[in-house]
Amino acid sequence: MTTPKTTIKLYNTKTRRKEDFVPIDADNVRMYVCGPTVYDRAHLGNARPVIVFDILYRLLRHVYGPDHVTYVRNFTDVDDRINETAQKRKAAGAEGTLETLIADRADETIDWYHQDMDALGALRPDHAPRATGFIGQMVAMIEDLIAKGHAYAAEGHVLFAVDSYKEYGALSGRSVDDMIAGARVEVAPYKRNPMDFVLWKPSTDDLPGWDSPWGRGRPGWHIECSAMAHELLGEAFDIHGGGNDLTFPHHENEIAQSTCVGHGFANVWMHNEMLQVEGKKMSKSLGNFFTVRDLLEQGVPGEVIRFVFLSTHYRKPMDWTEKKRAEAEKTLRKWYDLLTDVEPSTPDENFIADLADDLNSSKALYWLHHMADDLKQYQYWTSHGVEYVGPTPEELEATFLASAHLLGLLWQPTDNLSLPIIDLGAWEKELSKARSLAMQTKDFTEVDRIKNTLLEADVEVQMSKDSVKLTAGSAFDPSKLEALK
RNA sequence: GGCGAGUUGGCGGAGUGGUUACGCAGCGGAUUGCAAAUCCGUGUACAGGAGUUCGAUUCUCCUACUCGCCUCCA
């Protein structure tokens, strides 16, 4: 085991401080991130933790080695909204039992999720466990909690007794008394304390259920992460992540369960801030709700979405705006234009240092801008016959590309960001011909007419001394070129 | 009501106890038939008030405003 030369600093919600990250075992750095409930397409907000922790995963792999990091992200496939869809389908005459219809809905949603997150350039975790695959472990954990006096069965439910755990509320900075005073808790007659939360609940015949010492039922939401993290990552692991809306109650409850059963659980707790859209919370009622798939279908490349997310630090609210989308696309296109076919080398050290400082992705992008600038200048001056002492353009490009790859950017072959590939060769010849003629006659009316029409059709026109280059933009409208014929 | 985060130039967005990144937009110049692209150069900011300090945008407190969570929404 070698000591890594990069020290990663991470903000730990548990201590409310930025700390040097020291893994339990540098040969196997372990991270658990709360994944989606698979009831429907992932909305844009779901993409934020995916991208944030993808960056952390890539950084950890860079620092500790790709074979020395284990990343687990779960799928919650026990959920009433999944059941609802299945019930509706059954009522509409779909084939199969309710169980298979539920499984089908989860399967298709997981498939969508993978497709959408792949499009964002997110690496797949090492394990993507489904809650339904770990019911046995959950039941065993609940039994253990009861045996240790931290949980009790009542009316087919099993509840965690918050009074049995003194530290309850420590992660989110709340006290049980304050929360009860807030009066936002569900009052149920079988609860000893209003804050007690469900570990197990009974299922009726029309709901999925598993046999248990407390009758046929299904697990509460929080226990799955405790059980799966323990099963796949062991008694204690390094990092636990998720959106900051999960801090309470989800993560608070995970800690309570796992700690009371005797697990060390997670050392570092990380939470990303929420996403907004044009300055407002994304919600169906405001009409600004959309999925990752919606954006992709509108022709916004996943890489552009990723770039926009990276431009804001993960602990700050991020606003998704049309303007940012356009800027990101423009920048990425410029960067792609700089690339020749040089192979990536190793990332820039300054770049790594800032990224390792609590994932300062915005600062990391600054370094990419910086490197791109250098590269551009070397390319420019080299092409003008000026010789420089220092790194060659190839070396600069290799470092630039390796750095960009660490952020999951510029990974596509050559491409220019899924721009429609439209052959405008005929128009290039046309314009070129008219221009050569105009050079002699000094009458540029025809050239301007063609150029302006092309511009109106969203074609970028670049004329140099001896060539004409046309590139169709994302709003390319071929019908506008009809006028030229 | 409880808990937490934030307020930086036209916009976005880092960072720092003393010379304030960067991107986009703007402006000037080179280049161009005109443009585009590219190159060179360039201006503007740290919510308000008080305190600590030789000195605060950076630390502390107060005020205002914004936002999030407390509802199995990441």
Side-chain angles (χ1 to χ4, degrees), chain A residues 13 16 33-37 39-40 42-53 76 78-81 169 172-175 177-186 197-198 201 219-222 224 241-250 252-253 271-276 279-284 289 308 310-313 315-319 321 323-324 326-328 330-331 334 337 354 357 360-370 372-373 376-377 379-381 383-384 435 438-439 441-444 447-448 451-452 454-455 459-465 468-471:
Chain A
T13 306
R16 293 172 201 273
V33 174
C34 289
T37 301
Y39 67 100
D40 207 347
H43 64 247
L44 189 62
N46 294 121
R48 194 160 189 204
V50 172
I51 292 173
V52 166
F53 292 104
T76 299
V78 178
D79 180 79
D80 288 341
R81 289 164 297 186
S172 54
R174 295 152 197 258
S175 76
D177 291 345
D178 285 348
M179 287 187 280
I180 292 169
R184 290 259 201 146
V185 288
E186 181 195 354
F197 58 89
V198 170
K201 56 192 166 188
W221 174 36
H222 316 292
E224 63 174 79
N244 75 351
D245 56 335
L246 295 181
T247 311
F248 188 89
H250 187 53
E252 197 72 72
N253 293 355
H271 294 95
N272 60 275
E273 250 293 350
M274 298 289 104
L275 175 98
Q276 294 175 272
K280 298 208 165 112
K281 178 180 172 158
M282 182 165 81
S283 72
K284 284 178 179 163
F289 182 96
V308 171
L310 294 179
S311 68
T312 302
H313 185 85
R315 281 193 288 114
K316 286 199 171 180
M318 198 213 88
D319 199 11
T321 64
K323 196 178 168 194
K324 284 187 181 177
E327 275 190 25
K330 196 172 159 183
T331 302
K334 270 195 204 170
D337 283 345
D354 278 324
D357 183 8
N360 193 337
S361 52
S362 176
K363 195 75 181 290
L365 287 179
Y366 153 75
W367 287 110
L368 285 186
H369 276 291
H370 191 74
D373 252 12
K376 206 159 54 181
Q377 291 187 13
Q379 284 178 348
Y380 179 83
W381 292 110
S383 72
H384 283 68
R435 189 153 164 272
M439 290 291 203
T441 63
K442 300 295 171 198
D443 176 8
F444 287 91
V447 179
D448 285 340
K451 189 182 79 181
N452 291 332
L454 286 165
L455 290 175
V459 175
E460 191 186 326
V461 180
Q462 292 185 43
M463 294 186 273
S464 69
K465 279 216 160 85
V468 171
K469 188 184 165 201
L470 300 180
T471 315

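Keep in mind that this is a model prediction, so the values were computed, not measured. In what follows, chains carry the letters A, B, and so on, assigned in the order in which the sequence lines appear, proteins first and then strands, with residues in each chain numbered from 1.
A 6.0 Å sphere centred on NZ of A:Lys469 holds no more than 12 heavy atoms belonging to other residues, nucleotides or ligands.
Closest to the side chain of A:Val447, from the set B:rG68, B:rA74, B:rG33, is B:rG33. Side-chain proximity of A:Lys330 to the nucleotides B:rA21, B:rA25, B:rA37 is greatest for B:rA25. Listed nucleotides B:rG68, B:rA74, B:rC24 differ in distance to A:Thr37; the shortest reach to its side chain belongs to B:rA74. Side chain of A:Met439, nearest nucleotide from B:rG33, B:rC72, B:rA25: B:rG33. The side chain of A:Tyr39 has B:rC73 as its nearest neighbour among B:rA37, B:rC73, B:rA21. Which of B:rG33, B:rG13, B:rG23 sits closest to the side chain of A:Ser362 comes down to B:rG13. Residue A:Lys451 places its side chain closer to B:rA35 than to any other of B:rA35, B:rC73, B:rG13.
The aromatic rings of A:His370 and A:Trp367 lie perpendicular to each other, with more than 60° between the two planes, well past the 30° mark.
Taking the C1' atoms as reference points, B:rG4 lies 38 Å from B:rG43, given to the whole Å. Taking the P atoms as reference points, B:rC3 lies 36 Å from B:rG10, given to the whole Å. Only the C1' atoms considered, B:rU66 is 38 Å distant from B:rG28, to the nearest whole Å. Rounded to whole Å, the separation between the C1' atoms of B:rU16 and B:rC11 comes to 23 Å. Annotation: B:rG12 and B:rG17 have their P atoms spaced 25 Å apart (nearest Å). Taking the C1' atom of each, B:rG9 and B:rC46 are spaced 9 Å apart, rounded to whole Å. Comparing the C1' positions of B:rC72 and B:rG51 gives an interatomic distance of 46 Å, to the nearest angstrom. Taking atom C1' in both B:rU58 and B:rA37, the straight-line distance is 40 Å, to the nearest Å.
No salt bridge links A:Lys334 with A:Asp337; every basic N to acidic carboxylate O contact stays at or beyond 4.0 Å.
On a pure distance criterion of 3.5 Å, a polar donor-acceptor pair joins the side chain of A:Lys201 and the base of B:rC72. Side chain A:Asp319 to base B:rG12: no donor-acceptor pair is found below 3.5 Å. In this model, no side-chain donor or acceptor of A:Lys323 finds a partner on the base of B:rC24 within 3.5 Å.
Within the 4.0 angstrom heavy-atom criterion, no nucleotide atom of any strand lies near A:Val33. Here A:His313 lies in heavy-atom contact (under 4.0 Å) with sugar-phosphate atoms only. Within the 4.0 angstrom heavy-atom criterion, base atoms lie near A:Gly45. Within 4.0 Å of A:Met463, counting heavy atoms only, lies at least one base atom of the nucleic acid. At the heavy-atom level, A:Leu275 lies under 4.0 Å from base atoms of the strands shown. Note on A:Arg174: a base of the nucleic acid sits closer than 4.0 angstrom, heavy atoms only.
Place A:Tyr366 and A:Arg315 on RNA chain B by their nearest nucleotides, and A:Arg315 ends up nearer the 5' end.
Between A:Arg81 and B:rC73, a side-chain N or O to OP1/OP2 separation shorter than 4.0 Å is present. Between A:Gln377 and the phosphate of B:rC40, there is a side-chain N or O to OP1/OP2 separation shorter than 4.0 Å. OP1 or OP2 of B:rG13 has at least one side-chain nitrogen or oxygen of A:Lys324 nearer than 4.0 Å. Here A:Lys376 reaches the OP1 or OP2 of B:rC39: one of its side-chain N or O atoms lies under 4.0 Å away. Listed pair A:Thr312 / B:rG13 meets the phosphate criterion, a side-chain N or O lying under 4.0 Å from OP1 or OP2. The side chain of A:Asn360 places an N or O atom within less than 4.0 Å of a non-bridging phosphate oxygen (OP1 or OP2) of B:rG15. Under 4.0 angstrom from either OP1 or OP2 of B:rA14 there lies at least one side-chain N or O belonging to A:Lys316. A close approach under 4.0 Å does not occur between any side-chain nitrogen or oxygen of A:Lys334 and OP1 or OP2 of B:rG23.
In this structure, A:Lys451 and A:Leu454 have side chains that are not in contact, with every pair of non-hydrogen atoms separated by 4.5 Å or more. Looking at heavy atoms from C-beta onward, A:Asp357 lies out of side-chain contact with A:Lys363 at the 4.5 angstrom threshold.
Going from atom CZ of A:Phe248 over to atom C1' of B:rA74 covers 17 Å, rounded to whole Å. Here the C1' atom of nucleotide B:rC22 and the NE2 atom of A:His370 are 10 Å apart, to the nearest Å.
Among residues two or more places apart in sequence or in another chain, the ring-ring contact (aromatic ring centres under 6.0 Å, His included) test is passed with A:His43 by A:Phe289.
Of all the heavy atoms in A:Val308 and A:Met318, the pair that sits closest is O-SD, 3.8 Å.
The backbone N or O of A:Glu273 sits less than 3.5 Å from a side-chain atom of A:Arg48, completing a donor-acceptor pair.
Once rounded to the nearest 0.5 Å, the distance linking CG of A:Asp245 with CE of A:Met274 reads 4.0 Å.
RNA chain B forms stems at B:1-7 with B:64-70, B:10-12 with B:22-24, B:26-30 with B:38-42, B:47-51 with B:59-63, each a run of 3 or more consecutive Watson-Crick or G-U wobble pairs whose two key distances fall under 3.5 Å.
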